S.K.: 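Below is the structure I would like to discuss, written out as structure tokens.
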Amino acid sequence: MPRGRKKDLTKPPARSLIQQRDYRDRKARYIADLEERCRKAEEENVTLREEIRKFKATQGSVGLMNQRNPETVPLSFSPLSEYLA
């Protein structure tokens with residue numbers, strides 16, 4: 001039950017009431033935008049973590065293959081050595 005005097009709906013709202021209403025609307029939109037950005041960031045985080053996990057798994061398997069046959073990995077590999085010779 002509202003307290004105080006009943007509002008006279010025949011008079012236009014005061015300027016401060018309009019400003020308060022506008023502020024609440026802007027705040028609600030801002031919070032909704034932040035929530036959306038947070039949701040997108042969380043989804044991206046999950047995707048990136050999955051990519052890192054897959055990358056580490058492939059690097060681990062490549063490392064195991066190289067340990068079995070050490071001749072497949074050159075000891076002194078330089079990407080520029082082909083062009084400098």
Side-chain angles (χ1 to χ4, degrees):
M1 177 166 235
R3 295 170 56 181
R5 194 181 280 197
K6 289 185 179 181
K7 292 185 180 182
D8 184 7
L9 300 177
T10 60
K11 292 173 34 177
R15 184 176 183 181
S16 62
L17 293 176
I18 294 170
Q19 290 175 340
Q20 289 173 2
R21 187 179 309 133
D22 291 343
Y23 170 77
R24 287 190 298 268
D25 289 341
R26 285 192 312 272
K27 184 178 176 183
R29 280 183 299 200
Y30 177 72
I31 290 173
D33 180 53
L34 285 178
E35 289 172 344
E36 178 66 19
R37 288 174 51 196
C38 182
R39 185 188 60 75
K40 286 181 181 178
E42 287 174 347
E43 288 175 0
E44 183 180 12
N45 191 11
V46 168
T47 304
L48 292 174
R49 285 183 186 268
E50 184 65 23
E51 287 180 19
I52 289 172
R53 187 190 63 76
K54 288 178 182 177
F55 178 75
K56 284 183 178 180
T58 59
Q59 291 301 311
S61 64
V62 169
L64 291 175
M65 289 189 315
N66 291 337
Q67 288 176 355
R68 292 182 193 142
N69 188 2
E71 295 175 4
T72 59
V73 179
L75 295 177
S76 59
F77 174 74
S78 173
L80 299 177
S81 63
E82 299 172 6
Y83 301 107
L84 297 176

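It should be emphasised that the depicted structure is a prediction, and the values quoted were computed from it without experimental measurement.
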S.K.: Show your reasoning for whether side chain to side chain contact (heavy atoms under 4.5 Å, CB included) applies to Lys54 and Glu50.
M.R.: CA-CA 6 Å; Lys54 288 178 182 177; Glu50 184 65 23; 3.5 Å; yes
S.K.: Answer yes or no: does atom CD of Glu44 have more than 12 heavy-atom neighbours from other residues, nucleotides or ligands under 6.0 Å?
M.R.: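 Result for CD/Glu44: open.
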S.K.: For Glu51, give me all partners under salt bridge (Lys or Arg N to Asp or Glu O under 4.0 Å), at least two apart in sequence or on another chain.
M.R.: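 None.
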S.K.: Which residue pairs pass the side-chain hydrogen bond (donor to acceptor under 3.5 Å, both in side chains) test with at least one member in residues 17-36, sequence neighbours excluded?
M.R.: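 side-chain hydrogen bond (donor to acceptor under 3.5 Å, both in side chains) check on residues 17-36 returns Glu36-Arg39.
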